[in-house]
Protein chains: 2
Amino acid sequence: MAFHKKEEFTQKEQDLANFAKAMSHPARIAILKVLAHRNECICGEIVDILPLAQSTVSQHLKELKNAGLINGTVDGPRSCYCINWKAFEKFNSEFTSLFNNLKVKNEKACC
Amino acid sequence: MAFHKKEEFTQKEQDLANFAKAMSHPARIAILKVLAHRNECICGEIVDILPLAQSTVSQHLKELKNAGLINGTVDGPRSCYCINWKAFEKFNSEFTSLFNNLKVKNEKACC
DNA sequence: CACATTAATCGTATATTTGCGATATAAGAT
DNA sequence: ATCTTATATCGCAAATATACGATTAATGTG
């Protein structure tokens, strides 16, 4: 990278990119899926489900948490995670506002 | 990575992750924005707009094209790109189907 | 034909991500 | 107090991503 130019873009562009980056690995998609399909929060069950080592899963969880996609609370020796729905709503609205307004008129563009 | 485990996940998980990866860089978000806001296809105007070298922009365009987010046609010495709206629709529906059904009942989850 | 223009590709340096085992931490159980 | 269980963190190796300049390819222009 020589010197990351990411700062040269707008904050919104960076935010969207960061959100996307958090979801840019199948393991993290799988984690989100597990979390989304439970009413209760999960802990290490994710480790059993995913084909990854415990430390790797922990790292993915940390990244999802850093990106704000999930919330996590430490409960003694075990941790509890769940989806941060507000973050997804924010992403969804920013994502669609970027594209959806223009979709109709551009549908039959040149290429 | 030692040996990429990405194949161990479902195809849908990989597809979603790939889509997200394609959007995981602010430069690529910016490119998509430019393409979305024009009725005509653009070529090297993107290079003028972005704070990146021509070769770098070309690389980002290639990644977006490989991921199927944009279409591109070579027209002599210049190239013409535009958004692949169908891909975005597919992503949007898969993305929302992953989460939206569960959103309402989980809204007030534990953490 | 020589030259300018536009964009892709190659080679390379550096940064970041992914993954794991080992270790540390924090609580409950014995 | 020691042991067990559940997780996080550290340190490292390998893979990918990011960025750029130089080069190449393709076409139009003088």
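Here is how names work: the chains are called A, B, and so on, in the same order as the sequence lines, proteins then strands, and each is numbered from 1.
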Please list every donor-acceptor pair under 3.5 Å in which a side-chain atom of residues 46-54 of chain A meets a protein atom from a residue at least two apart or in another chain.
none

Under 3.5 Å, side-chain donor or acceptor atoms of residues 13-35 of chain A against the rest of the protein: list the pairs with distances, not counting sequence neighbours.
| residue | atom | partner | partner atom | Å |
| --- | --- | --- | --- | --- |
| A:Glu13 | OE1 | A:Thr10 | N | 3.1 |
| A:Glu13 | OE1 | A:Thr10 | OG1 | 3.3 |
| A:Glu13 | OE2 | B:Lys33 | NZ | 2.9 |
| A:Gln14 | NE2 | A:Lys6 | O | 3.3 |
| A:Gln14 | NE2 | A:Phe9 | O | 2.9 |
| A:Asp15 | OD1 | A:Gln11 | NE2 | 3.1 |
| A:Asn18 | ND2 | A:Gln14 | O | 3.3 |
| A:Ser24 | OG | A:Lys21 | O | 2.7 |
| A:His25 | ND1 | A:Ala27 | N | 3.0 |
| A:Arg28 | NE | A:Ala22 | O | 2.7 |
| A:Arg28 | NH1 | A:His60 | ND1 | 2.9 |
| A:Arg28 | NH1 | A:Glu63 | OE1 | 3.1 |
| A:Arg28 | NH2 | A:Lys21 | O | 3.2 |
| A:Lys33 | NZ | B:Glu13 | OE2 | 2.9 |

Reading nucleotides 4-12 of chain C from 5' to 3' and marking B where a protein heavy atom lies under 4.0 Å of the base, S where only the sugar-phosphate is that close, and - otherwise, the string is --BBBB---

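Within residues 17-32 of chain A, the residues having any heavy atom closer than 4.0 Å to DNA chain C are, in order of number, A:Lys21, A:His25, A:Arg28. Residues from residues 66-73 of chain B placing a heavy atom under 4.0 Å of any atom in DNA chain D do not occur.
Without hydrogens or angle criteria, A:Asn84 side chain to A:Asn71 main chain gives no donor-acceptor distance under 3.5 Å. No side-chain donor-acceptor contact under 3.5 Å links A:Ser58 to the backbone of A:Ser55.
Look at NZ on B:Lys5: it is 15 Å from C1' on D:dA15, rounded to the nearest Å. If you measure from atom CD of A:Glu8 to atom P of D:dT18, you get 16 Å, rounded to the nearest angstrom. Look at CG on B:Asp75: it is 11 Å from C1' on D:dA26, rounded to the nearest Å. Distance, A:Gln14 CD to D:dT18 C1': 15 Å, rounded to whole Å. In this structure, the NE2 atom of B:His60 is 8 Å from the P atom of D:dC20, given to the nearest Å. Protein atom CG of A:Leu52 is 11 Å distant from nucleotide atom P of C:dT18, rounded to whole Å.
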How far apart are the C-alpha atoms of B:Lys86 and B:Lys90, what are their side-chain angles, what is the distance that settles it, and do they pass the side-chain contact (heavy atoms from CB on, under 4.5 Å) test?
CA-CA 6 Å; B:Lys86 275 193 182 166; B:Lys90 182 166 171 271; over 6 Å; no

Residues B:Lys5, B:Glu8; criterion side-chain contact (heavy atoms from CB on, under 4.5 Å); working and verdict:
CA-CA 6 Å; B:Lys5 295 243 174 163; B:Glu8 313 243 345; 4.2 Å; yes

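Using cut-offs of 30° and 60° on the angle between ring planes, the pair A:Phe95 and A:Phe91 is parallel.
Once rounded to the nearest 0.5 Å, the distance linking OG of A:Ser97 with NZ of A:Lys12 reads 5.5 Å. Taken from NZ in B:Lys65 to OG in B:Ser79, the straight-line distance is 7.5 Å, to the nearest 0.5 Å.
In this structure, the side chains of A:Phe88 and A:Leu69 come closer than 4.5 Å at one or more pairs of heavy atoms.
Listed by first then second residue, pairs satisfying salt bridge (charged side-chain N to carboxylate O under 4.0 Å, His left out) with a partner in residues 66-77 of chain B number zero, not counting sequence neighbours.
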